[in-house]
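First up is the structure itself, then whatever we jot down about it.
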Amino acid sequence: MGTMGRRALYRTRIAGTGSYLPEKVLTNADLEKLVDTNDEWIVERTGIMRRHICADDEVTSDLALYASQKALEAASLTPNDLDMIIVGTVSGDQVMPSTACVLQQKLGCGKIMATDITAACSGFVYGASIADQFIKTGTYKNVLVVGAETLHRIVNYKDRDTCILFGDGAGAAIFTRNEDESDPADILSVHLHAEGSLGDLFRLPGGGSKYPVSQYVLDHNLQYVTMKGREIFKNAVRTMSQCCQEALEANQLSGDDVDWLIPHQANRRIIEAVAKHFDFPSEKVIINVHETGNTSAATVPVAFDEGVRDGRIQRGQMVLMAAFGAGLTSGSLIFRY
Ligand SMILES: CC(C)(COP(=O)(O)OP(=O)(O)OC[C@H]1O[C@@H](n2cnc3c(N)ncnc32)[C@H](O)[C@@H]1OP(=O)(O)O)[C@@H](O)C(=O)NCCC(=O)NCCS
């Protein structure tokens with residue numbers, strides 16, 4: 001279901017963005033030393049050249065903090081202006097409390113609502129849609145949405161099927177009530193989906209209540225992500241293409257009306273297949289997967305922030321975000337920036 005036809009009291013503007021990639025870089029050459037792989041294979045099959053890995057003393061909430069501080073600065077707001085914090089993550093600091101609560105404390109906000117969203121790589125788009133609802137109904141004015149991950153801590157560096165793909169990072173955006181009548185900025189629609197029946201394709205079973213931490217979990221590597229790569233690939237192309245199509249149809253737009261597509265950055269070939277699906281020119285697609293690898297919930301806000309900061313994404317332009325992830329979750333969000 002999309003969000004067309006809802007009764008909106010207010011419009012939603014994205015007031016500022018920020019991102020953070022850790023300093024340490026893991027190249028394909030580094031991975032060649034860990035598993036039976038090579039740079040040529042990784043680049044050809046994924047487009048990934050390097051990924052960033054956080055320092056030993058950094059945790060997900062630190063990455064989230066750095067990205068959030070930049071987003072607040074860009075929005076000319078302080079932590080005290082925030083009404084709610086949502087963090088999309090599958091690699092939070094701990095099972096509980098949520099990384100959003102840790103972030104609230106680190107930012108020094110008041111006692112505002114803070115919660116994590118478990119939608120894997122769709123976490124930012126899911127979170128943004130929640131922010132939009134709270135703003136459109138007039139409940140809240142300023143909402144911080146973050147996608148933050150330290151995936152290298154949940155990846156098995158003996159498994160070449162997965163370890164080449166993932167990296168660490170965080171991206172953040174401040175969603176704000178648009179009170180300026182002359183400013184066309186608004187989120188036009190969101191379309192979110194989940195297919196629980198496909199949950200086995202991509203998962204991390206260890207550490208939950210089904211497989212609590214135990215010797216069994218460690219012996220069977222259940223503390224790491226596992227994935228059926230080819231199946232995920234097909235479903236990623238299918239779901240992201242569908243979500244983009246839904247967004248365009250719901251708003252009676254065509255690809256020509258969209259200035260930028262910001263897709264989840266999992267694999268360059270997936271992104272290219274989605275763009276091809278609706279004849280979207282590659283020059284209008286924001287891609288940074290070569291630099292970051294797949295940072296799950298962080299890819300969309302990191303790519304968004306890069307596009308904003310390097311001047312490609314301009315105020316007034318139409319932007320389409322699309323994501324998919326474990327669940328399988330998927331979603332799109334279209335907005336005038
Ligand atoms: C994982 C992925 C890169 C594999 O690419 P692919 O083109 O589908 O490759 P295949 O799985 O068909 O494997 C081809 C061969 O390469 C081998 N291979 C797998 N990983 C390898 C690696 N890191 N280095 C070298 N060879 C590798 C396979 O064993 C296979 O060998 P075989 O033909 O002898 O069996 C691709 O399927 C993918 O990106 N899937 C989506 C994963 C994803 O995005 N997950 C996160 C979702 S949010």
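Each ligand, and each atom within it, is numbered from 1 in the order the structure gives. In this text the structure is predicted, and so the values were computed from the model without any measurement.
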Is it the case that Thr299 and His264 place a side-chain donor and acceptor less than 3.5 Å from each other?
yes

Does the side chain to side chain contact (heavy atoms under 4.5 Å, CB included) test come out yes or no for Phe304 and Tyr337, once each step is laid out?
CA-CA 11 Å; Phe304 179 32; Tyr337 176 57; 4.0 Å; yes

What part of Ile164, side chain, backbone, both or neither, has a heavy atom within less than 4.0 angstrom of ligand 1?
side chain

Considering [options], which one's heavy-atom position lies nearest to [atom]?
| atom | options | answer |
| --- | --- | --- |
| atom 9 (O) of ligand 1 | Glu40, Lys228, Glu32, Arg45 | Arg45 |
| atom 46 (C) of ligand 1 | Asn294, Leu31, Ile270 | Asn294 |
| atom 13 (O) of ligand 1 | Gln265, Arg230, Lys234, Glu231 | Arg230 |

When rounded to the nearest 0.5 angstrom, what distance separates CG in Asp256 from CG in Asp259?
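Rounded to the nearest 0.5 Å, the CG-CG separation comes out at 10.5 Å.
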
Could you state the interatomic distance from CD1 (Ile270) to CE (Met240), rounded to the nearest 0.5 Å?
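Result: 6.0 Å between the selected atoms.
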
Could you list which atoms of ligand 1 come closer than 4.0 Å to a heavy atom of Phe202?
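Under 4.0 Å from Phe202, ligand 1 has these atoms: 46 (C), 47 (C), 48 (S).
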
Considering only heavy atoms of Phe324, which atoms of ligand 1 have at least one such atom less than 4.0 Å away?
47 (C), 48 (S)

Ring-ring centroid check Phe175 Phe335, cutoff 6.0 Å:
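They do not qualify: ring centres at least 6.0 Å apart.
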
Starting from atom 45 (N) of ligand 1, what is the nearest protein heavy atom, named by residue and atom, and what distance separates them?
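Scanning the protein heavy atoms, the shortest distance from atom 45 (N) of ligand 1 goes to Met227 SD, 3.3 Å.
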
Starting from Leu65 and following side-chain heavy-atom contacts under 4.5 Å between hydrophobic residues (I, L, V, M, F, W, Y), which residues can be reached?
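Besides Leu65, the hydrophobic cluster comprises Tyr20, Leu63, Tyr66, Leu72, Leu77, Leu82, Ile85, Val87, Leu103, Leu107, Ile112, Leu144, Val146, Ile174, listed by chain and residue number.
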
